[in-house]
Amino acid sequence: MLRAVGRGIRRQIVRRSSGVRLTSGAPRIPWLCPSPYVYHKPIRWSSSNARAISLPSETPPKHTDRSYSTAAAALELEDIDTSAIFPPLRRDAAPYSIPIEPLEPLDPSQLLVFEPPAAPEEKCMRKSTAGVSSDKAEVLATFNACIKVGVLARAQLMLEQITKNCIEERDTVVLVDAHNIFLKALLDQYSDSGNLSELKVFFMWFENKMRVEYSIKGDATTFALLLKGSLNIPAAEASKRYLAEYINLWRYSGRNIVDVLESAVLNNEEVLKIAKICHLRIGELSATCREMMKEQRKSRLEPPILAVPDAKPTPVKGPGLAAVKSSLRSLIDPDHMPFQEYDINLNDKEFQIERQKLLEEHAFDSARERWKRDFESLSERGVIKQDAEINSLLWEWHQALVPLIHEELKRVQHAEESGTKAAGAVDRCFYGPFMRVIEPEKLAAITIIELLRTHTLNGVGAGLKASRAVLQLGREVELEYQAQEVAKQRGEGFFANMSKAELETIFRDRSAFRNLISKSKSASDLDFEEIPEWPNTVKVKLGGVLISMLIHVARIPVEAAVPGLTEGTESSEKIVQHLPAFQHCYEYQRGRKLGVVKLHPELVKRLGTDDLNFTAIGKSLPMVVRPLPWTDWDEGGYFYTRSKVVRIRESVEQRQYVKAAAERGHLDHLFAGLDVLGRTAWRINRRVFDVVLEVWNQEKAFAKIPALNPDINFPLEPEPNADPKVRWEWAREMKRVNTARKNNHSTRCDVNFKVEIARAFLFEEFYFPHNIDFRGRAYPIPPNLNHIGNDLSRGLLMFSEAKEVGETGLRWMKIHLANLAGYDKASFSQRVAFTEENIENIHDSAENPLTGNRWWLKSDDPWQLLASCFALNEALSLNNPHEYKCHIPVAQDGTCNGLQHYAALGGDVAGARQVNLEPSDLPQDVYTGVAELVKASVELDAKRGLPAAVALKDLVTRKVVKQTVMTNVYGVTFIGARNQIENQLKCIESLDQKDIPALSLYLTKKVFDSIQEMFTGASAIQDWLVTCAKRISRSVRPNQLEHLKDPKTGEDSVHFMTSVVWTTPLRLPVVQPYRQVASAAISTNLQTVYINDPYVIDKVDSRKQMTAFPPNFIHSLDASHMLLSALNCDASGLTFASVHDSFWTHPSDVDEMNRILRDSFVALHGKDIIENLKAEFEERYKGFRTLVKVIANTPCGKRIKLARRNYAIENLGRPKLTAVEDLQWELKRWALMQSHDHDDRKIAAEMVTPSVILEKYGGLKVNELAENTGKLGLSVNDYGSPSLGDQSGDEGSIVDQEDILGPAEESDDGYEESAPLDEDMVLGGMEEGSRMLGTAGDEDIDLDDASTKKRSRARKELDEDGNTIPRDNGSAKGTLKPKQAHIATLNVWVELKFPDLPPKGLFDVNLLRKSEYFFS
Amino acid sequence: MTAASIFRRSADESIAHLRSLISPYALSRRSKLPPSLVNWQICDPIMDKLNLLAYKKTTIIDMNPNLGVFSAALHERLQPKQHILLEPEEFYGDRMREFQKTYKNSWYIPLDGYDWNTYNQLFSDNPPPPPWPDNFPKPRIQATTSPDDVNSDLLFVGHMGKSEKSERLIAQFINCCALGTWIQQYGRVRFLLWVPDSIKDRYLPRSIASRARPAASAEAVVDITEVASSNVIRTGRGFQKLPEINPDNVEVEEKRLTSIKPQERKVKIKKKLVIRQKMVEDEIKKLVAELCPGLTPTTRGRPKKLPSKEQKKLEETRARVRELVEAIRNEEPILPASIPCKERVTVLNRCDEIRRRFEHKKGAEEEAEKIP
DNA sequence: GGATTCTCTACCGACAATATCATTAGGTATTAA
DNA sequence: CGAATACCTAATGATATAAGTAATAGAGAATCA
């Protein structure tokens, strides 16, 4: 069995490995070198890979990898119970034996490393000649599309361009693949037509083009095709000759014919035929080959499709297509009760799979059918048009759109054939092939649905951004195409024809499933490794055409009164006009032009009121069966709809890393975790749904559902001649009201969608496939309605499975209810008491949700509360409430989860207590804690009579500081925090509004100080992270110097291209995508659209890299924690769902889940995360050089200046040194130091570069300009060596030349010289922390930190030099205001090293195992 | 040379010196700050041209007077009842204080003319808060009997920069004219503003094509005229509105070319040399065609071969013209003397035109008179 | 390379400005040698 | 055929657009000489 698997996958993996161009793999075509994108180091195959390539003849792989080996063993040995294909619980047979521990950090040699280009790449030149672009991705996609629709002439054009590109880029893999695909297409064409001249073309292509013109030798597949072609030659003699010729040619290049015969292109009969004709001895066929033949006859595991590649789809088994369709009617037709017509067993998985397939494949068809039905029934009834359901309108649009598309396709064909350069013709050549791959009817439906959907999701009131709409539509079309392709690959019977055992396997054993998929890929047809993605150019152009056609066609009946005879009156007569439903125009936003597609107000109104009836629900719906397990970076979840496991933002870099990680099996735990999330079954809470529906139809504002026509208080317009300021304030208020109204409407549309989806799935059990963002946080893929949505979404959803609550469960239900009611800060027993006190209210809410006293509406989360009320009420109405079977999930939320991780990392005792890491009788609340601290400090100030403090004395509340504390984790800046606090203070009436800016400024300082005081260690870590990110993002790779030439100017220049990359405990490589964006213009029928060009890797945005790193890192941790917990919960048989830092399970399982959460957290932090991070950084950025700022006005700085000057004069004949030259100097020394030659090293030792001088004077710790200290305080540079010096004694005197040039052993001399100790400056980390605690508020010391002092010291020196004249800062402002004392700095290239880790606090994570309120 | 001397308009205060008083950044092309008039000699011709006779005992609101050169001239000419200098930049503080000392009835208020509050404080009935001096006499402006009359009790002058702020402010001014709000409630109050070309072009477009919304809407409510502009050649299409004041005198905030040493310029121009080669060639061709009629090709293709003598003449002419055109392009102040007299005339006749082609654009101000 | 001014200001899911005119580069047609 | 020229077009770069910024402060990036 395994052998069979092995054969299928072998080719796959080999191709794949060359697909990422490993340096270790020899390029297939000798004259081509590997591409510049290479792994930093040769790969060591991980065990999982080794298993994957193991040859069939070998014994099964060693059980190095626990999870897989057990699964594989299970596959063979287990006696599978056919009745339990998808057991709801797998407690007994845990499918993945995941260690509870997070993974060990990667061996350094296993780190994934990709080098970004040395300089910003040039924007893709889209030089197009005769409609052939030179953009590789674009041509590739076009080529693919042309092949799919059989337009070979055009495909050939594309192929020629691809060949050019590939040869330039030395991309041999794609090159050969493309030619193979083309050959295959030619051959297929011949088989269809039987026209001999076509066969000739086939051979000519290989002989003339490939071999002669391009010198492509071809791979096994090429030759397999050639053999196949030769077989097809009718004349037996010729056929034989050709065969012999090609076999010889192949052998001549020293390769084994077996490889060719094993190719999936040739089926067994053909192989045998060839063997016979050419007298290949059977012995020459490899064991694999023979084995293969035997197996194919009696294969049990392999679906038939694998045995016969061209197999016709087998008829659907089971209840039949009609039944499946009928069962989905409920999704289309709200009046239809499913499952009534057929006797269907809902547990029949094959049936369910068919349904899912249908759902994905025919979502658009279904919508169309529904429109048509509505339209027809309407005509029968003869209803007046403008009252018609929106669906019939859509049907009209659709009917009008289809002929237009046909017409356009004709024009495309004309354009392609004529080859004119007429306006539009060139564009048509671009998008034409892509337009053809999907049938016009479907295309029309997608257009209509997507435009409406995009409007509800992102619309700005009556319009939506054209650029957005166009791209979105293009993307959706692509998605549909991909689904089509996947469906084709997997064939009709891919799932349906599997035996139950195989079906079982899919969900049990990832690797087995993976093999199955790759087999289906290789067997179905010759194809690219992955379906080429459509470039944005294509998507946008295609979207543009479709939308402009829809705009042209779509009309909406609008009723209007005919004006009366006299002016200003209306006659009672009404007329109906058919007005354009959409309109394209431009708006100005802050003086910038913005293309907008506007919807007619009537249409907008309809979208907010009409039943959408599945009108506009496209793809990405919840699934009716369990999502497929993730097997690759783009394989998993939906059956046919392709989704990526990581939501990469069109970043090539991220994709590289994720792909490589997936390939090496690093992501398997992550996949497993996501699978767990995906297999949580949900259903709609019917009772809540009914209430929602009722409320919805009332069209009034209720429980966060906005009213259809909200009463809006438009501010009174002031007199036209009022003061401009007054008028302006009015205008601003109007703007605010208007945006509020727009928001109101779009929320309403959103609710409409949610309700509609809920209605469609009312009788279903469904699942959310999940993927992750680039940090690893998981999100359900279906938009609109999912459990991380708003309160309404959450209220509508519940677990499909019900579990008996038992005693503890009931208690948790009560606690949960109290939480939802806002009573979540008390102890558990108090919360229970709260619920019990409110039992009447709960009863009332449940019994009469709308007519009673509506207690549930008071909550911030009314719908979830209502759901809880229903459940609890029901439970309590039982004789024995403990027997209640509960569907409602109970949520456990971390108290400021980010801070929890920070506190654990930093070992902050006080902080840990505040975020409930420490056991406590009562839950702690950080916000209150910080507020108290601030309050104390303010009161102290008030006593001293500080006016701001006096004003604020009694106003410091939890509410005021909450947002700031929360966002602190996200790196909020001082100003940002000040704004938050200002907004809070504005709500306090007793304050004079005029004073608020000043007060908020004061208070913000206090809040920042308090946070820092409470989370000392955390703050230090935050700063450490920032410093690391800063150094990384301002660093260059050593070999980057070879490509210093700026492509644009041709001059030498240094570009910072390094982004921060790290690996999470679950081995996800995280790449921060922040770079400067290059935007590209794409002209469409509608307008020119400007989008970011994803293909260029540009300079890093170092600010963003810096500010985002700490939150991203923490998020990557909490994501790991979540997935770890998910795996463990699953292993214990719990149903599990999560919203990042909120974890859900059945009431009865909450205790168990909490235990798991705590254990996972401890396990995660049990490893020294930060230490590992540092180690990874050191490995990853080994030898990099970074540019640091050094205070210039010190002996050290002066020496550097002098040395630079001397060097420049000596070597360049001028006194100045450019940054590049400086770097080259440093690198020269560095290179010499690495040399094996003793003399070289000696020379290096004698070189005195700026970095050497810096080192001599105590290095960065002493001399670096302290920065990024504003946020949480301490500069990282202040840890470690207490050698902070005041050089006043040396002021102005430049150290002797000999001293610098002297032998290296004098180094401590320089050190000493620069470091006469100044008591004030000696601040160790711990001392610092404790001192601050003790002296907070003491004016003399005043929380000043060493870095500030360093700054002030530098300033002082400046003053002494007389460079800056202190000015009184009057009311001057603007650019000419007196300058701040400016600190002169020098830039020095130093080796990229990372600061010492801040000392960890004393908190022991293990304590938290007993902390009840850790998550609550 | 004291700061005060300029206010007495002694001729010994050179323009160069005045320029040196401005912060270097404000002089740089990147600056969007309100620029400052330094050529005090043109103030009189400008005011001669403006009919200011009606402005007796008037109140002047002076926004961003900066160095105060224009303000001083205006003050001397009008002898206003009150001259309010709204200058928020502390940088000019000393000079403003000097101004206040020199000219009676002038009040230096370090507030921003952009802020509505400034005017609210000025016109409200309450005594104005601190930055305004205690003894500040409030202007009592009488509204004209008809809102269509020009109010000669009030005159608004100022320097506007290229900043977004300035642009917005002018848009607001016009809006106020339309609504009759703000100081326009007192009747039609005239504005006398120095504005950058970019702003002027918006309201006084140089071609039909560039006449966009702001121009149209402004025309509906205000009269805008260009009073004086620098002798800078304007780029782009559209007609060239020639300065109406003696162009040689209107030297506004421009860095003199003479201050740049030749070597430095070469470095700076280097890019242009490469970039605008085509333009130079085109100009040369045109000029050579003019200078050597009959020798230049008239047909499309390859030119006929000329007798070597004529060929040589052509080459020489071309070389000289090249020198000349490149000089113009390089903004060299003195044209090379290598060209014979007759030709020189021809070339110089077209000099302006060529200059315009090379758009020697500097930060220049326009003075626009607005008569609401 | 240094001083000065400009920009931006909380993470993620989530994603975006365009038309127009001036100028040049580069290809094609045209002509004469 | 190559050579020299004009003409034409696609590609690139610069600029305008709207029109209250409101006021905080500090670090990093960009820009100019």
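Here is how names work: the chains are called A, B, and so on, in the same order as the sequence lines, proteins then strands, and each is numbered from 1.
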Contact list (N/O, under 3.5 angstrom) for nucleotides 26-30 of chain C vs protein:
none

By nearest nucleotide on DNA chain D, pick out whichever of B:Ala212 and A:Arg732 is the more 5' one.
->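 Counting from the 5' end, the first nearest nucleotide belongs to B:Ala212.
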
Using the closest heavy atom to pick a nucleotide of DNA chain D for each, name whichever of A:Arg1034 or A:Tyr588 lands nearer the 5' end.
->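 Checking each residue's closest nucleotide, the 5'-ward one belongs to A:Tyr588.
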
Is a side-chain donor-acceptor pair under 3.5 Å present for B:Asn117 with A:Lys725?
->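 Short answer, yes.
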
Donor-acceptor pair between A:Asn1112 and A:His1115 side chains, under 3.5 angstrom = no

Which value, in whole Å, describes the distance between the [atom1] atoms of nucleotides [N] and [M]?
| N | M | atom1 | value |
| --- | --- | --- | --- |
| C:dA3 | D:dT24 | C1' | 25 Å |
| C:dT31 | D:dG2 | C1' | 13 Å |
| C:dT20 | C:dC15 | P | 30 Å |
| C:dT9 | D:dA19 | C1' | 24 Å |
| C:dG13 | D:dA16 | C1' | 35 Å |
| D:dA18 | C:dA19 | P | 15 Å |
| C:dA10 | D:dT12 | P | 36 Å |
| C:dC12 | D:dG26 | P | 25 Å |

Is [X] close enough to [N] that one of its side-chain N or O atoms is under 4.0 Å from OP1 or OP2 there?
| X | N | answer |
| --- | --- | --- |
| B:Lys285 | D:dA6 | yes |
| A:Gln1076 | D:dA30 | yes |
| B:Arg213 | D:dA19 | yes |
| A:Thr1088 | C:dT18 | no |
| A:Arg647 | C:dC15 | no |
| A:Arg777 | C:dC11 | no |
| A:Ser467 | C:dT18 | yes |
| A:Lys725 | D:dT21 | no |
| A:Arg775 | C:dC11 | no |
| A:Lys1030 | D:dG28 | yes |
| B:Lys304 | C:dA33 | no |

Nearest to the side chain of [X], heavy atoms from C-beta on, is which of [options]?
| X | options | result |
| --- | --- | --- |
| A:Arg475 | C:dC15, C:dA19, D:dG28 | C:dC15 |
| A:Gln963 | D:dA16, C:dA10, C:dG13 | C:dA10 |
| B:Ser198 | D:dA25, C:dT18, D:dA16 | D:dA16 |
| A:Lys593 | C:dA19, D:dA19, D:dT24 | C:dA19 |
| A:Asn1112 | D:dT21, C:dA10, C:dC11 | C:dC11 |
| A:Tyr970 | C:dA10, D:dA18, D:dG28 | C:dA10 |

So, [X] and [Y], do they make that salt bridge, N to O below 4.0 Å?
| X | Y | result |
| --- | --- | --- |
| A:Glu587 | A:Lys593 | no |
| A:Arg775 | A:Asp773 | yes |
| B:Glu281 | B:Lys285 | no |

Find the distance [X]:[atom1] to [N]:[atom2] and express it as a whole number of Å.
| X | N | atom1 | atom2 | answer |
| --- | --- | --- | --- | --- |
| A:Ile648 | C:dA14 | CD1 | C1' | 15 Å |
| A:Leu471 | C:dA16 | CG | P | 10 Å |
| B:Tyr203 | D:dA16 | OH | C1' | 12 Å |
| A:Ile1091 | C:dC15 | CD1 | P | 14 Å |
| A:Ile975 | C:dC6 | CD1 | C1' | 16 Å |
| A:Arg590 | D:dT17 | CZ | P | 16 Å |
| A:Gln1022 | C:dA10 | CD | P | 13 Å |
| A:Arg592 | D:dT15 | CZ | P | 15 Å |

Tell me, please, whether B:Tyr114 has B:Lys165 positioned over its six-membered ring: NZ or CZ under 6.0 Å from the ring centre and within 45 degrees of its axis?
->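 Judged by the rule, B:Lys165 and B:Tyr114 form a cation-pi pair.
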
Return the nucleotide paired to C:dC12: Watson-Crick means purine N1 to pyrimidine N3 with N6-O4 or O6-N4, wobble means G-U with N1-O2 and O6-N3, both under 3.5 Å.
->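 Across all strands, not a single nucleotide pairs with C:dC12.
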
Does A:Ala466 offer a backbone N or O that forms a donor-acceptor pair with the side chain of A:Gln1087 under 3.5 Å?
->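 Looks like no, no N/O pair under 3.5 Å.
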
Quick one: does A:Asn790's side chain have a donor or acceptor within less than 3.5 Å of a partner on A:Ser793's backbone?
-> yes

Kindly give the heavy-atom pair with the smallest separation between A:Tyr586 and A:His584, and that separation in Å.
->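 Heavy atoms only, the tightest pair is OH-CE1, 3.6 Å.
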
Identify the two heavy atoms, one from A:Ser1116 and one from A:Val1070, that lie closest to each other, and give their separation to 0.1 Å.
->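 Here A:Ser1116 and A:Val1070 meet closest at CB-CG2, 4.5 Å.
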
Earlier contact from the 5' end, DNA chain C, for A:Phe774 and A:Gln1087 = A:Phe774

Assign each of A:Gln980 and B:Pro303 to its nearest nucleotide of DNA chain C by heavy atoms, then name whichever residue's nucleotide is nearer the 5' end.
-> A:Gln980

How would you label the contact of A:Asn1387 with the nucleic acid (heavy atoms, under 4.0 Å): base, sugar-phosphate, or nothing?
->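 No contact at all - A:Asn1387 keeps every heavy atom at 4.0 Å or more from the nucleic acid.
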
NA contact type, A:Tyr586, heavy-atom cut-off 4.0 Å: base, sugar-phosphate, or nothing?
->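 The residue A:Tyr586 makes sugar-phosphate contact but no base contact.
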
Is any side-chain heavy atom of A:Tyr1090 less than 4.5 Å from a side-chain heavy atom of A:Val540?
->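 Sidechains of A:Val540 and A:Tyr1090: no contact.
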
Symbol by symbol from the 5' end, with Watson-Crick or G-U pairs under 3.5 Å, [ ] crossing and | another strand, DNA chain D is ..|||||||||||||||.......||||||||.

For the residue pair A:His770 and A:His787, is the inter-centroid distance of their aromatic rings smaller than 6.0 Å?
-> yes

If the plane angle is over 60° it's perpendicular, under 30° parallel, otherwise tilted; pick one for B:Trp182 and B:Trp116.
-> perpendicular

